[in-house]
Number of protein chains: 2
Amino acid sequence: MTQRRRPTIHEVARVAGVSISSVSRALNGNTSNADMLARVNAAVQQVGYVPSVVAQSLKTQHTGQVAFAMEDIGNAAYLEMVRRIQPTLRDEGYRLLLHSTGADVEDELGVLASLSQNYVDGLILCPLRVTDRHVEALRRAAVPVVVIGLLPDDVPVDNVRADSRVGARLAVEHLAEAGARRIAFIDGPLDTVPGRARYDGFRAGLEAAGLHGDDALVRFTDFQFEAGRRTALELLTEHPDVDAVLGANDLIAMGVLHALRELGRDVPGDVRVVGMDDTPLAATSFPALSSVSLGSADRGRLAAELLLRRLDGDDAPPERVTVPPSLTVRESSR
Amino acid sequence: MTQRRRPTIHEVARVAGVSISSVSRALNGNTSNADMLARVNAAVQQVGYVPSVVAQSLKTQHTGQVAFAMEDIGNAAYLEMVRRIQPTLRDEGYRLLLHSTGADVEDELGVLASLSQNYVDGLILCPLRVTDRHVEALRRAAVPVVVIGLLPDDVPVDNVRADSRVGARLAVEHLAEAGARRIAFIDGPLDTVPGRARYDGFRAGLEAAGLHGDDALVRFTDFQFEAGRRTALELLTEHPDVDAVLGANDLIAMGVLHALRELGRDVPGDVRVVGMDDTPLAATSFPALSSVSLGSADRGRLAAELLLRRLDGDDAPPERVTVPPSLTVRESSR
DNA sequence: TTGAAAGCGGTACCAG
DNA sequence: CTGGTACCGCTTTCAA
């Protein structure tokens, strides 16, 4: 492991017998002299030269990097986003930096502030909560930012959002059509972006389906399996007449399935269950879980595309894109 | 969005009425003059100065970035790794870059080669296959690399590995103890690092358990749910006497559970099932899936720690760490 | 077309 | 302790 210093453009120039300017030109396709090109390439091969992206960045004021910040990459929805964001960016030559902020609002703000260090050309942010300080930080962000999630109208950044309203309505309408009348909802924390949006969506869904909502059938807990299970056990014990449960994500819904099994209730015979996010869990569970896809993958891809457009110099007004949800019906509600 | 040029150290120096050297010193804690410190800080506040990490990187030859490259972040095992790698690195001030190589060997080699661009200080690599070219590339890597996975002994890089042998043995012994005699194994591709290791582990496990192996009960497919399901259907139809199945990962094992259900076989009554990786799928499935944890989270953390040590200048001989597996028994094999 | 030279924004050595 | 300055490695004007 002899750590010989990496060759610089000067070595190449010396070996090729030309100036560093010529080497730079040749490497960047700004030479018409074929002979020059050949000599430079030969020298590059000989010394094993690879340009330093750091030096290039300093000169060009452009890092070739983009950051993606979300609460926890362990969350299936965010995971789906990264999986699309990364290739989309890479195809355009950008590297992806990951920031898991761990549900820490300070950390989210820290990421926003750190943009001033100019270590990335842009940011895709998936905030768990949007406070005034977020809005302020977004306003003065040093580089283009695309936010995935709900955002006040007057914040001047590109924005990709899911349509939780329609999503929840799809679920509720589907359940109602199947004959459900007492539809319960187990949501995540109401003070998070997704928790709030899904709650509003659920209410709207009930209304759209012409059903009378009952607040006693709505619970707030964490977006987790165990939380869903425990909450469902409580809920179903207190209200045995519930004939359908919507989980705010697939983990919660899986918890509901388990709770129902423990209570000896049949799914979908006695109670129908639908989840949200349509993660791999849904397809592999038993019974297979119906789930509303909020288009995480599409949101990720769109966010990346919007950002790329900005990085390309587009200075059109901030755009807002809403991704339509879709319901996949499986055994749990058939 | 007025994109005013970001202030440089020169602005700060001018405002503070001192030299840029003094500003740099003050900012890096190399000043003893309290007055100087105060003036500089005031100026920093006033102009809103934030140092450019790019310029710092160029000067210090150190980027503060580390890359993690694996096949697909969507794979639960890799996901667990990232979740530990990121915080471990961040605590030491490093940012994390993600490279999903998508099962493309060329891409893996590309990542290794790109290290010469010096955009990161180190790399954690989880190769799907290890070819001679990998070994060669690892030898001449421009920055420290830690490999997670099996590696020939003579490759001089830090290495963290799982113990698939013991892992599979745990599973097989557990199944044998429970009374299983015809234990089948559905593996991933044999020419991948994990596929090979788990196969060897399974064979060793049978032997250790004093069981006679039957090649007809071993199948190779993809590390996926549907692949597992289809393969299990075939296998179980051809060999109805199979009384236990080990899946090379939880997805495959979930597929096996589904197949058994379709065939009307009881789990664990007729057939016991065990998976590997102990992902969230295992705990939430029905029946809950027994699974061998190969310590993905620990491997990730250890890899990050090894790398940090290297980045800290440690030039001890390459280290190899093996993480012990552990079996969590759940309903599917109880 | 080619080479010299001026930065990009910092760090750190060296002299005062 | 402070300021001047060289330099990190590259891109890009500007003259020749």
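Every chain is numbered from 1, with letters handed out A, B, ... down the list of sequences. Worth saying up front: this structure is predicted, and the values here are computed from it rather than measured.
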Legend entry - Test item: A/Asp158 side-chain N/O and A/Pro318 main-chain N/O as donor-acceptor pair under 3.5 Å: no
Legend entry - Nearest heavy-atom neighbours spanning A/Pro7 and A/Gly48: CG-O, 3.5 Å
Legend entry - Interatomic distance where CZ belongs to B/Arg25 and P belongs to C/dA12 [whole Å]: 11 Å
Inset, instruction - May I have the distance from B/Arg6 (atom CZ) to C/dC8 (atom C1'), rounded to whole angstrom? - result: 11 Å
Legend entry - Mutual orientation of the aromatic rings belonging to B/His62 and B/Tyr94 [parallel < 30°, tilted 30-60°, perpendicular > 60°]: tilted
Legend entry - Phosphate OP1/OP2 of C/dG9 contacted by B/Ser52 side-chain N/O (<4.0 Å): no
Legend entry - Most 5' of B/Leu58 and B/Asn30 on DNA chain C, judged by nearest nucleotide: B/Leu58
Inset, instruction - Take B/Val50 and A/Ser32, find for each the nucleotide of DNA chain C with the closest heavy atom, and name the residue whose nucleotide sits nearer the 5' end. - result: A/Ser32
Legend entry - Pair B/Ser100, B/Asp72: side-chain N/O donor-acceptor within cut-off below 3.5 Å: no
Legend entry - Among A/His134, A/Arg140, A/Arg139, side-chain hydrogen bond (donor to acceptor under 3.5 Å, both in side chains) partner for A/Glu136: A/Arg140
Inset, instruction - Shoot me the first and last contacting nucleotide of DNA chain D against chain A, ordered 5' to 3', at under 4.0 angstrom to non-hydrogen atoms. - result: D/dG9 to D/dT13
Inset, instruction - For B/Val54, report the nucleic acid contact type (base, sugar-phosphate, nothing); a contact means any heavy atom under 4.0 Å. - result: nothing
Inset, instruction - Select one nucleotide: of C/dG7, C/dT11, C/dT1, the one nearest the side-chain heavy atoms of B/Ile9. - result: C/dT11
Legend entry - Atom-to-atom span, NZ of A/Lys59 to P of C/dA5 - whole angstrom: 15 Å
Inset, instruction - Grab the CD-P distance between B/Gln61 and C/dG9 for me, whole Å please. - result: 18 Å
Inset, instruction - Report yes if at least one side-chain N or O of B/Tyr49 is closer than 4.0 Å to OP1 or OP2 of C/dG10; otherwise report no. - result: yes
Inset, instruction - Determine the contact category for A/Ser21: base if any of its heavy atoms lies under 4.0 Å from a base atom, sugar-phosphate if only primed atoms, P, OP1 or OP2 are that close, otherwise nothing. - result: base
Inset, instruction - Using heavy atoms to find the nearest nucleotide of DNA chain D for B/Asn33 and B/Ile20 separately, return the residue whose nucleotide is more 5′. - result: B/Asn33
Legend entry - Exceeds 12 heavy-atom contacts within 6.0 angstrom, atom CZ of A/Arg133: no
Legend entry - Expected output: side-chain A/Asn28 to main-chain A/Asn30 donor-acceptor under 3.5 Å: no
Legend entry - Atom-to-atom span, OH of A/Tyr119 to P of C/dC8 - whole angstrom: 24 Å
